[in-house]
Amino acid sequence: MPKQKSSQNIEKVRHSLAHLLAMAVLEKYPKAEIGIGPTIENGFYYDFGEISISDTDLPAIQKRMIELIKQNLVFKKENASLAEAKKLFRNQPYKLELITELHKAKKSITIYKTFSIVKSQKSLVSSQFIDLCAGPHIKSTSEINPDAFKLTKIAGAYWRGSEKNPMLTRIYGLAFESKKELDDYLKMMEEAEKRDHRKIGKDLELFMFSEDIGPGLPFWLPKGMVIREELEKLAKEEETKSDYVRVWTPHIAKSKIYETSGHIPYYQDSMYPAIKAEDGDYYLKPMNCPFHYIIFKNKSHSYREMPIRIAEYGTVYRYEKSGELLGLFRPRGFTQNDAHIICSAEQIKKEFLGVMEMHSRYYKMFGIKDFYMRLSLRDPKNKEKFIDNEKMWRYSERVLKEAMEESCLPYEIGIGEAAFYGPKIDFQVKSVIGKEYSVSTSQLDFSAGPRFELTFINNKSKEETAFVIHRSPLGSHERFIAFLIEHFAGAFPLWLAPVQAVVIPISDKQKEYSASIAEKLKANNIRAALSDANETLGKRIREAELQKIPYILIIGEKEIQNQTINIRYRNKEGLSAEAKTKVEEIKIEKLIEKIKEEIEKKII
RNA sequence: GCCGAUGUAGUUCAGUGGUAGAACAUUUUCUUGGUAAGAAAAAGGUCGUGGGUUCGAUUCCCACCAUCGGCUCCA
């Protein structure tokens with residue numbers, strides 16, 4: 001009970017802080033226009049127009065907010081008539097817009113006034129700040145802990161989230177009940193930053209970018225390539241088991257195909273511009289779908305062979321807007337774990353369930369527990385974003401919902417999140433820094449069938465139009481590996497580790513024997529390295545630990561005599577100091593057996 | 001694309017209106033070390049790119065590019 005109450009209170013505190021922020025900003029920048037100031041996870045923000053500030057101005061604003069808090073200002077709610085409200089906010093265009101809308105929607109207009117109290121008179125005086133607001137708020141700023149909040153950053157944000165509107169300046173703040181919670185949160189974010197895939201990718205030499213090549217175009221370095229290839233191997237195995245067939249398709253194509261697909265009208269802005277050739281315009285492919293349809297159409301199909309599952313690790317290029325690029329999460333060139341299941345209407349549900357089972361297997365394999373699925377439907381109020389086919393939307397959304405229910409996996413519904421050609425199921429995970437994103441997506445497409453004339457002959461000898469399921473359980477190599485890097489903090493499970501074992505001779509005397517051990521490991525398909533540089537043992541162990549190599553094998557005189565190997569296991573988080581440095585002596589044959597088994601079973 | 005910030009050696013970062021410095025990494029030498037950094041020396045930079053101001057710009061101003069934090073978008 002008390003916890004519940006306190007969590008409600010912090011919401012009020014955060015909201016009240018947003019008002020104080022607006023108050024402090026208006027004092028310092030009287031011409032500023034105020035937008036909205038809601039609470040968010042861990043804090044609050046407020047949007048301002050007609051203001052020019054940078055993060056160096058934040059400490060002064062925060063200082064003023066603390067002064068305001070210490071004045072024990074009182075929040076008071078009032079109802080206002082349309083005329084009163086319009087008068088109060090006559091210089092605030094954004095507020096006027098909201099007032100007009102509230103009035104139109106026949107909702108009551110409430111305002112919050114912030115007063116200061118003159119102690120001697122015990123009465124309220126001088127309303128210092130008035131905001132259009134539904135509340136609720138705390139009674140007085142004495143409820144705010146001035147040490148438990150912090151203005152963190154400045155960002156641009158479109159008024160009401162639309163690109164068409166002016167861009168306002170958003171000031172973000174964190175707020176908690178105690179200073180300790182704030183400090184803990186800041187500490188946590190600091191720790192999370194250490195797991196950032198961009199940092200680890202550089203430290204472990206997994207991938208890189210080059211300004212000379214172009215933004216958003218990743219290079220896979222030898223160690224990162226190992227992970228890519230392991231994932232690809234996994235996908236091939238799993239897909240073969242599930243009766244997929246594999247293909248390879250070209251990377252450029254004539255424009256006609258994208259006109260048929262509808263991508264040119266919908267997505268031309270985010271495609272690389274055309275390559276001009278004598279016989280017309282060619283585009284880098286932004287998706288693999290039409291190519292797989294063409295393969296399907298290469299011959300006629302009977303209902304007996306349906307469904308047909310065409311798979312490819314397909315490389316695509318999308319000209320994402322410059323500000324949208326984000327390491328491997330949002331590159332411009334990436335390779336998808338793609339496949340298209342072309343099936344009849346009756347087969348949709350079963351195929352979808354199969355796709356979801358495949359997801360579950362993968363997620364279990366990687367130990368991904370913190371995820372949920374989002375059933376993404378169209379927004380019936382915003383139909384222009386979606387293909388106009390009421391009947392098909394209803395049918396598709398119903399089938400997907402049924403499949404979702406039958407899968408027994410937890411899911412949420414995302415209105416307006418559907419693809420333009422059909423509903424989808426996205427697998428949502430959270431990155432270490434708390435950012436949520438879709439790792440993979442499975443979509444039902446009822447428009448590709450008629451558009452591309454994807455048909456098969458049914459059991460009544462009639463031509464029947466097929467449905468398409470787009471699916472990519474492992475997303476793209478880029479996004480999935482970015483996720484795995486953060487998920488494992490760079491300490492990949494043995495089967496994915498770029499270097500699986502490093503052999504470290506204590507001195508030059510054991511160099512030759514150590515080299516022979518490394519060779520033996522390699523002969524058994526174990527990715528092994530020899531660390532025989534002219535450095536101290538401690539340093540070479542440190543380097544192996546920093547490289548997060550799972551098996552560190554130490555060889556000294558004793559090991560040569562006993563014909564054994566001394567294993568130091570990679571430091572694992574959560575282990576006691578003692579367990580971290582646990583060592584074990586083992587015969588080489590037994591070690592190879594152990595490592596091979598661990599790789600085979602993909603132990604995490 | 002929009003708002004804000006940043007850009008100095010391979011990496012992480014100091015610093016300055018008078019053509020630059022540390023640590024780690026690299027190379028060489030010494031050291032042969034029993035579980036997370038042994039020592040010394042050397043080499044390494046058109047201070048993101050292009051303009052402008054100035055006797056002189058890496059430093060100040062402008063533009064562009066890239067990256068980062070957000071917004072928008074993500075077939």
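Below, chains carry the letters A, B, ... as their sequence lines are ordered, and counting in each starts from 1. All figures in this text were calculated on a predicted structure; none of them were measured in a lab.
- In terms of phosphate contacts, A:Lys164 brings no side-chain nitrogen or oxygen within less than 4.0 Å of OP1 or OP2 of B:C71.
- Picking from B:U72, B:C74, B:G69 the nucleotide with the shortest atom distance to the side chain of A:Arg479 gives B:C74.
- A side chain to side chain donor-acceptor pair (under 3.5 Å) with A:His292 is found for exactly one of A:Lys297, A:His470, A:His340, namely A:His340.
- Side chains of A:Thr315 and A:Thr335: a donor-acceptor N/O pair is present below 3.5 angstrom, by distance only.
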Taking Watson-Crick (N1-N3 plus N6-O4 or O6-N4) and G-U wobble (N1-O2, O6-N3), each under 3.5 Å, can you produce the dot-bracket string of RNA chain B? Use [ ] for crossing pairs and | for inter-strand ones. (((((((..((((....[..)))).(((((.......))))).....(((((..]....))))))))))))....

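- Cation-pi contact between A:Arg198 and A:Phe207: absent, since separation from the ring centre below 6.0 Å together with deviation from the ring axis within 45° is not met.
- Here the closest heavy-atom approach between residue A:Ala18 and residue A:Tyr45 is recorded as CB-O, 3.9 Å.
- For the pair A:Lys199 and B:U11, the criterion of a side-chain N or O lying under 4.0 Å from OP1 or OP2 is not met.
- Among the nucleotides B:C74, B:U35, B:G1, the one closest to the side chain of A:Tyr267 is B:C74.
- Annotation: B:G45 and B:U12 have their C1' atoms spaced 16 Å apart (nearest Å).
- Ring to ring, A:Phe446 and A:Tyr395 are not that close: their centroids are 6.0 angstrom or more apart.
- No N or O donor and acceptor, one from the side chain of A:Tyr158 and one from the base of B:G70, sit under 3.5 Å apart.
- Counting only heavy atoms from C-beta on, A:Lys202 has its side chain closest to B:U11 among B:G38, B:C3, B:U11.
- The separation between A:Met167 atom CE and B:C3 atom P is 7 Å, rounded to whole Å.
- The nearest whole Å value for the distance from the CG atom in A:Leu326 to the P atom in B:U67 is 11 Å.
- Of the listed nucleotides (B:G33, B:A75, B:G38), B:A75 has the atom at the smallest distance from the side chain of A:Tyr421.
- Along RNA chain B, the nucleotide nearest to A:Glu211 and the one nearest to A:Glu417 differ in position, and the one closer to the 5' end is contacted by A:Glu211.
- If you check every strand for non-hydrogen atoms under 4.0 Å, A:Ala157 touches sugar and phosphate atoms only.
- Side-chain atoms of A:Arg160 stay outside donor-acceptor range of the base of B:C71, with no qualifying N/O pair under 3.5 Å.
- A:Arg568 contributes a side-chain N or O that forms a donor-acceptor pair with the base of B:A36 under 3.5 Å.
- Under a cutoff of 6.0 Å and an axis angle of 45°, A:Arg332 and A:Tyr319 form a cation-pi pair.
- Listed pair A:Thr536 / B:G33 fails the phosphate criterion, with no side-chain N or O lying under 4.0 Å from OP1 or OP2.
- Nearest-nucleotide positions on RNA chain B place A:Glu543 closer to the 5' end than the other of A:Glu163 and A:Glu543.
- In this structure, of B:A75, B:C3, B:G69, it is B:A75 that holds the atom nearest to the side chain of A:Met271.
- Comparing B:G38 with B:U31, their C1' atoms sit 7 Å apart, to the nearest whole Å.
- A side-chain donor-acceptor contact under 3.5 Å links A:Ser376 and A:Asp426.
- Taking the side chain of A:Leu546 as heavy atoms from C-beta on, and the options B:G38, B:G1, B:A36, the nearest nucleotide is B:A36.
- As a whole-Å value, the separation of A:Met189 CE from B:G69 P is 10 Å.
- A donor-acceptor contact under 3.5 Å links the side chain of A:Asn566 to the base of B:U35.
- Separating the CH2 atom of A:Trp159 from the C1' atom of B:C3 is a distance of 17 Å, rounded to the nearest angstrom.
- For the P atoms, the distance from B:C61 to B:U54 is 16 Å, rounded to whole Å.
- Taking only distance into account, the side chain of A:Ser270 meets the base of B:A75 through a donor-acceptor pair shorter than 3.5 Å.
- For A:Ile506, counting side-chain heavy atoms from C-beta on, the closest listed nucleotide (B:G70, B:G33, B:U72) is B:G33.
- A gap of 16 Å separates the P atoms of B:G10 and B:A25, to the nearest Å.
- Rounded to an integer number of Å, the gap from NZ of A:Lys511 to C1' of B:G34 is 18 Å.
- Residue A:Arg198 has a polar side-chain atom (N or O) positioned under 4.0 Å from OP1 or OP2 of B:C68.
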Report the C-alpha separation of A:Thr564 and A:Lys558 in whole Å, then their side-chain angles, then the decisive distance to 0.1 Å, and conclude whether the side-chain hydrogen bond (donor to acceptor under 3.5 Å, both in side chains) test is met. CA-CA 8 Å; A:Thr564 56; A:Lys558 202 174 82 185; over 6 Å; no

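- Taking atom P in both B:C30 and B:U16, the straight-line distance is 42 Å, to the nearest Å.
- Evaluation of atom-type donor-acceptor distances gives no pair under 3.5 Å for the side chain of A:Glu320 against the base of B:G1.
- The base of B:U11 does not come close enough to the side chain of A:Asp203 for any donor and acceptor atom to sit less than 3.5 Å apart.
- Separating the CG atom of A:Leu58 from the P atom of B:G70 is a distance of 15 Å, rounded to the nearest angstrom.
- Distance check on atom P: B:U8 versus B:G4 gives 22 Å, rounded to whole Å.
- Using a 4.0 Å heavy-atom cutoff across all strands shown, A:Lys424 reaches sugar-phosphate atoms only and no base atom.
- The side chain of A:Ser322 contributes an N or O atom lying less than 4.0 Å from OP1 or OP2 of B:G1.
- When the nucleotides B:A5, B:G33, B:A75 are ranked by their closest atom to the side chain of A:Asp55, B:A5 comes out on top.
- Between A:Tyr267 and A:Phe420, the distance from one ring center to the other falls under 6.0 angstrom.
- Of the C1' atoms belonging to B:U72 and B:C47, the separation is 35 Å, rounded to the nearest Å.
- Taking the side chain of A:Pro215 as heavy atoms from C-beta on, and the options B:A66, B:C3, B:A5, the nearest nucleotide is B:A66.
- If you measure from atom NZ of A:Lys194 to atom P of B:U11, you get 21 Å, rounded to the nearest angstrom.
- No donor-acceptor pair under 3.5 Å is formed between the side chain of A:Arg374 and the backbone N or O of A:Ile413.
- Of the N and O atoms on the side chains of A:Ser270 and A:Glu320, not one donor lies less than 3.5 Å from an acceptor on the other residue.
- Taking every side-chain heavy atom of A:Glu324 into account, B:C73 is the closest of B:C2, B:C73, B:G34.
- With P as the reference atom, B:C3 and B:A63 are 12 Å apart, rounded to whole Å.
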